[in-house]
Amino acid sequence: MSLALANPALFWTGLGLVSVPVLIHLFFRRRHRVVRWAAMDFLLAALRKQKRRVEIENLILLLLRCVGILLLALALARPQVATAALNPFGAGARAVVVVLDTSASMAAQQTGRSALDRAREDAGRLLAELPSDSRVTLVVTRDESSGGQPRALLENATPDEARARLGYVRHGFGPNHMGRVFRLAAEKLAALRGRPLVVLLTDLQKTDWDAGAREDVRRAFQELPRDADGEASPVAIIDIGGDEVGNVVLEELRVDAARRAFAGELLALDVRVRNYSDTAARGTLSLYVARADGEWEKAQGIDLTAVPPHGRPYDPPSFHTMLPPDSEGPARFRVVFTPAAGTEDRLEVDSERRLALRVRPPVRILPIWSYTKSLDILRDVSVTLKVIDLAAAIQVPDLAQTDLSAFDVLLWADAESHVLTEAEARKIEAFVRRGGGLLAYLGFGAHPDAINRFFFKDKGEGLFPMMLQEEDPEAGVKAMWRNEENPVEIDLGRERSDAFPLAAKTTQEHPLFRETLKWAFSPEIQAYRRVKWPDESLRDRVVARYTNGDPAVIEHAYGAGRVVVVTTTPDERGFLLNGSVLPVAVFFNAAHFLVPDDVSRLNLEVGGAVRIPLPGHAREVVVVPPDEAGGTRREPVEEQPEFVLGETPAPGFYRVTLKGVTAGTTARAVEESFDVAVNVNPVEGDLRRVLPNELRASFPDANLHFAGDVEGVVPRSAAAGEDEMSRSLLGAVVAILFLELLLAWRFGRRRRAAA
Amino acid sequence: MAESSRKYLDPSVLNAIAGLELKARLIVEGFVSGMHRSPFHGFSVEFAEHREYVPGDDVRFVDWKVYGKSDRYYIKQYEEETNLRAWLLLDCSESMEYGGGPMTKIDYARHVGAAIAYLVTQQQDAVGLVTFDSDVRTVLPPASSAGHLRTLIRHLAEAKTRGKTSLGDVVRKAAERIGRRGVIVIVSDLLDRPESILGAIRQLRHERHEVVLFHLLDTDERTFPFERMTRFEGLEEMPRVMADPAALRTQYLKELEGFTRAIKRGCLGNAADFVELDTATPLDVALSTYLASRGKRR
C-alpha cells in the first residue's frame with residue numbers, strides 16, 4: 001500500500017495545528033486564580049483520589065482533540081491510498097493514452113444515448129480519477145478530417161485538459177483500422193513520462209477485429225513500451241457497447257453496371273439490405289429523387305415484411321424510375337429504410353444510401369470511316385436506338401478540325417490509317433485518355449505500319465496493347481485471315497478483372513457479345529486482322545478469340561477511357577448487302593459500353609477519393625460538399641489531366657463543377673457539373689460484438705484487461721479514492737468531535753452534579 | 001417582626017449594621033415571636049406532682065403508668081427548673097477567616113453567638129463564652145445580666161482568628177472551667193480531625209452537658225464552585241495546591257459529605273444536636289428552624 005497526499009501543505013499545516021490544544025492547555029494552566037483556602041483537607045483528599053482519573057480524562061480529551069485536528073488536516077490534504085486490490089495498475093502518476101473508438105458504429109443509440117456519449121462520459125470519469133500529475137494523450141480511432149485515419153487530438157496534457165477536449169470528439173462514418181490505432185497509441189505512449197497505460201473505450205465491434213485486423217494488432221502490441229522486466233504496457237479495454245439490438249443496413253444502392261443512365265430512359269435501381277439482428281426485420285424502403293430545385297421527391301416505396309436475420313444479404317425488388325428526357329446532368333437518388341412501428345433500428349447513419357449518376361444525353365458517336373455513303377443507314381439506326389446521337393461522320397483528314405470533346409465514342413470503322421498524321425493520332429489518344437471511348441474495327445483499311453507506329457507502346461502503355469501483324473509471305477506470316485479458313489466458334493473469355501468490365505461480363509447475355517456472336521457466324525465476315533503480342537502478359541486483354549486462337553475482341557484501358565478492338569472488318573458491303581441493323585447494333589451497343597463508368601466513380605464511401613479526368617478546357621474545379629463537410633472549395637487547374645477529390649469526410653452529396661473556356665475561334669465558357677455520393681461504410685452497421693475471451697486468446701502475449709466500466713479499470717484511484725478517503729476521514733473527525741463532546745460532558749457532569 | 005425588618009437579617013445587610021448587640025436583638029426578635037416556648041431550659045430532676053394533660057403539653061412528660069391504670073392522661077411536673085447555664089464555644093482558628101460571600105465564617109459565627117447569648121439572657125439565664133483555636137484563648141463565665149451580655153458581645157466582636165483548630169484539646173482544657181451541667185453551643189467550621197471533634201463531644205456528654213454543634217461552612221466550602229485552574233493556598237499552615245477544581249469537585253464534595261456524615265452520626269450517637277450552617281443563609285432562617293424544633297422537644 002502506498003500513501004500520497006494531494007495537498008501536502010494542508011497536512012503539514014494541520015500537523016502544526018495539533019499543537020494548539022496542547023498550547024491552550026498549557027496557557028490556561030498558567031492562567032490561574034489564587035484562593036486562600038480553609039477546607040484543605042477535603043481538597044487534598046479529593047486530589048489524592050481523583051488525580052489519576054483527572055489526568056487520564058484530560059489526557060483522553062487532549063488526545064481526541066489532537067487526533068481530530070490531525071484527521072481533519074489529513075482529510076483536507078486528500079490522501080491517496082492505493083493497494084494492489086484497489087488499483088491493479090498501481091498508484092501514482094500515470095502516462096495514459098486514452099483511445100476513444102470513433103467509428104460509425106459508435107453512433108448506435110441505446111436509451112437515447114449513443115455509445116460515443118457513454119464513452120465520452122466514462123473517459124471523463126477515468127480522467128477525473130487520475131492523479132493530477134499524470135500525463136495524457138487523447139487519441140481517436142478514426143478522424144474523417146485525416147481521411148479516416150486514427151489521430152491524436154491532444155498530446156502530453158493534464159487529465160483536466162484532456163477532459164475539456166472530450167466534448168470535441170465526434171464519431172466518424174467508417175470502420176477502424178485497429179492495427180494503425182494501436183501503432184499510434186504505442187508511438188504516443190513512448191513519448192509520455194510515467195507509468196504507462198493504454199485505455200481503449202470501444203463497442204468491441206466484431207468487424208473491427210476480423211482475422212486480418214488481429215494480425216496487424218498483434219504486431220502493433222509488440223511496439224508498446226515494456227518495463228524493465230519485459231512486461232508490456234497494460235492495455236485496458238472498456239466495453240462501451242450495449243445490448244445487441246438489431247440493425248438493418250442498406251449495404252448497396254446500384255444501377256445495372258451494364259447500363260448507363262440516359263435521359264428518357266427507365267432506370268432500374270437495386271438495393272441490397274442486411275439485417276444483423278436475430279429476428280426478421282420489417283420496414284419500408286423509400287426511393288427519393290432530387291428535383292431540379294434541390295428538393296427531394298418520393299418516387300416509390302417498397303414494404304419489407306421479412307428481412308432475414310443474421311446478416312444474410314437480401315435483395316428486395318428493384319426500384320424503377322423514369323428519367324425525364326430533359327434530365328441531362330447530375331442526378332441524385334436516396335433510398336431510406338424506415339423500421340416498422342414497434343421495431344428498433346439502432347444505427348441511423350446507415351439507414352440511408354445515396355447514389356449519384358450523370359444522366360447522359362444519348363451517346364454521341366463520331367464514326368471515323370470511309371463509308372460516308374452509309375451515313376443515312378446509320379442515322380436510321382440512331383432513331384431506332386434512342387440513346388445514340390449520330391450527328392456526323394468524318395473521314396480521317398477531317399479529324400484535325402473536329403472538336404472531339406463533343407463526343408463520347410469514336411468509332412474507327414476500318415478507316416484508312418495510312419493517311420493518319422502524328423497530330424491526329426495524338427488527338428485520338430488524348431480523347432481516349434480523358435475518358436473517351438474508342439471502338440476500332442480493323443479491316444483492310446488498318447495498315448500495320450501506321451497503326452503500330454502511332455498506337456502501340458511497350459508494356460501496354462499505348463492506345464493498343466498489341467501490334468498488327470505484318471504480312472511476311474516468305475516467313476509464312478499472314479496479316480489477314482480470310483474466310484476460306486472459316487473459324488466457326490468464338491471462345492469467350494472467362495473471369496477478368498474489374499479493370500476490363502467488358503471482359504468481366506463475358507457472358508452470352510451481354511448485348512455486345514450476343515450481337516457479336518450472331519454476326520461472327522454470319523457469312524458476311526470476310527476477314528480479320530491478325531495481331532501479335534510483344535508482351536505476353538497483355539494477352540489477358542483478349543476477350544474473345546476464334547477457335548484457332550486468334551483474338552476476335554480485345555479490350556484495353558487507356559487513361560480514363562477504354563478501347564475495344566475488333567479484329568473483324570465490317571466493310572460497306574456488309575452493311576449494305578445485309579441490310580440489317582445487326583452489325584450496326586453491334587457497333588452501338590459496344591459504344592454504350594465505352595461511355596466512361598460514371599456510376600462507380602460517382603459513388604464512394606466516407607474517406608474515399610475519386611480521380612476526375614479533366615477536359616482540356618478545364619480551368620477551375622469547384623467542390624460544394626454537404627454542410628457537415630466544410631465549405632465550398634475552389635481550385636484552379638491548368639493543363640492537368642485529372643483532379644483528385646480526396647476530402648470526403650462526411651456522408652452526403654458533393655457537387656463537383658468543372659469550369660473552363662473552350663478553345664477555338666470563339667472562346668466560350670463551359671461548365672459541367674456532376675455529383676459524387678458519399679455513404680457510410682455499411683460494414684459499420686453490423687453491430688455484433690467480439691467476446692473478450694476471443695481477443696485474449698488472439699493476443700496471449702499482450703497485457704490486456706477487460707472491464708465493463710471505468711471502475712473496473714482504474715478503480716478507486718486518485719479522485720474517487722481521495723474523495724472516499726476524505727469523506728471517511730471527515731466522518732472520523734465528526735465522530736471524534738462527538739465523542740470528545742460527549743466525554744467532556746460526562747466528565748463534567750459529575751462535576752456539575754456535585755456542584 | 002415586620003417584613004421590612006426581616007431583610008436586615010440577611011447576612012449582607014447585617015454586615016452593614018454596626019453593633020453586634022443590636023444585630024443580635026434583631027436576629028432574635030426575628031424569630032422568637034414565632035416560638036411558643038423558649039428553646040433553652042434549665043434542668044430539673046425532682047418530680048413534684050401530676051396534673052391533667054391539656055393539648056399542647058409535651059408528651060414526653062406523660063405518665064404512662066397512670067394512663068395504664070386510669071385510662072387518663074396526666075403530666076409529670078417537676079420541681080422548679082434550675083437556671084440554665086449556657087456556654088458558647090467559638091472557634092477562632094485561622095480557617096474561620098475564610099469567606100467567599102458577604103460574611104466570613106468568623107463574622108457569621110459572631111452573629112450566631114451573639115444571637116444565642118441574647119436569647120439566653122432574655123430568658124434570664126446565664127451565658128458564658130470560650131473562644132479557642134488549638135488552645136483556649138478566652139473564658140468568660142456565664143452570667144445573665146445585661147452588662148454581662150454587652151461584655152460577652154464585645155469579646156465576640158474583638159475575637160481575632162489565628163492558629164489551627166483542635167477541638168478535642170480545647171474541650172479537655174475548658175471542661176474544668178465549664179463546671180456544672182449546662183448547654184454547650186459550639187460554633188465551628190470543624191476543620192479538624194473527626195476523632196478530635198467526636199472525642200470532645202463524647203467528653204462533654206459524659207459530663208452530662210447538652211451539646212449543640214453548629215457546623216459552619218462558607219458556601220464555597222459547601223459547593224466548591226470554582227471552574228478555572230486555581231492555586232489553593234491552605235490556611236492553618238496547610239500546603240498550597242494547583243488544581244483543576246472542576247475535575248475535583250465531585251470527589252471533594254464526596255469527601256465533605258463523608259466527613260459531615262461521620263460527624264452527624266457521631267453527634268446522633270452521643271445525643272448531641274448537629275446543625276449545618278451556611279454563611280449565605282439568613283441568620284433567622286439559620287437559627288429559627290433549629291431553635292423551634294428544639295423548643296418543641298421540651
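Quick note on labels: first sequence line is chain A, next is B, and so on, each numbered from 1.
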Donor-acceptor contacts, no H, no angles, side chain residues 67-77 of chain A, under 3.5 Å, sequence neighbours left out:
none

**OP:** Could you please state which residues from residues 256-267 of chain B sit under 4.5 angstrom from chain A, measuring non-hydrogen atom to non-hydrogen atom, sorted by number, or 'none'?
**Re:** B/Leu256, B/Phe259
Original post:
Do any of residues 91-99 of chain B come closer than 4.5 Å to chain A, heavy atom to heavy atom, and if so which ones, in number order?
Top reply: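 Only B/Glu94, B/Ser95, B/Tyr98 of residues 91-99 of chain B have a heavy atom under 4.5 Å from chain A.
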**OP:** Please confirm whether B/Phe224 and B/Phe232 have ring centers closer than 6.0 angstrom.
**Re:**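 For B/Phe224 and B/Phe232, the ring centres are under 6.0 Å apart.
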**OP:** Please look at B/Asp220 and chain A and tell me whether the side chain, the backbone, both or neither of the residue comes under 4.5 angstrom of a heavy atom of that chain.
**Re:** both
**OP:** Examine the side chains of B/Asp107 and B/Thr104 and answer whether a donor and an acceptor come within less than 3.5 Å of each other.
**Re:** yes
How many angstroms lie between [atom1] in [X] and [atom2] in [Y], if you round to the nearest 0.5 Å?
{"X": "B/Leu190", "Y": "B/Leu217", "atom1": "CG", "atom2": "CG", "value": "7.5 Å"}
{"X": "A/Arg36", "Y": "B/Glu233", "atom1": "CZ", "atom2": "CD", "value": "7.5 Å"}
{"X": "A/Trp37", "Y": "B/Phe226", "atom1": "CH2", "atom2": "CZ", "value": "4.5 Å"}

Which side-chain N or O atoms in residues 192-202 of chain B pair as donor and acceptor under 3.5 Å with protein atoms at least two apart or in another chain?
| from | atom 1 | to | atom 2 | distance (Å) |
| --- | --- | --- | --- | --- |
| B/Asp192 | OD2 | B/Leu167 | N | 3.0 |
| B/Asp192 | OD2 | B/Ser196 | OG | 2.9 |
| B/Ser196 | OG | B/Gly168 | N | 3.0 |

Original post:
What residue in B/Glu221, B/Arg228, B/Lys105, B/Arg240 has the most heavy-atom pairs under 4.5 Å with chain A?
Top reply: B/Glu221
Original post:
Do other residues, nucleotides or ligands put more than 12 heavy atoms under 6.0 Å from B/Arg177 CZ?
Top reply: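 Counting neighbours around CZ of B/Arg177, 12 or fewer heavy atoms of other residues, nucleotides or ligands fall under 6.0 Å, so no.
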**OP:** For residues A/Glu740 and A/Leu61, report the shortest heavy-atom separation together with the two atoms involved.
**Re:**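 Where A/Glu740 meets A/Leu61 most closely, the heavy atoms are O-CD2, 3.7 Å.
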**OP:** Say whether, by atom type as modelled, one donor and one acceptor occur between the side chain of A/Arg33 and the main chain of B/Thr230 under 3.5 angstrom.
**Re:** no
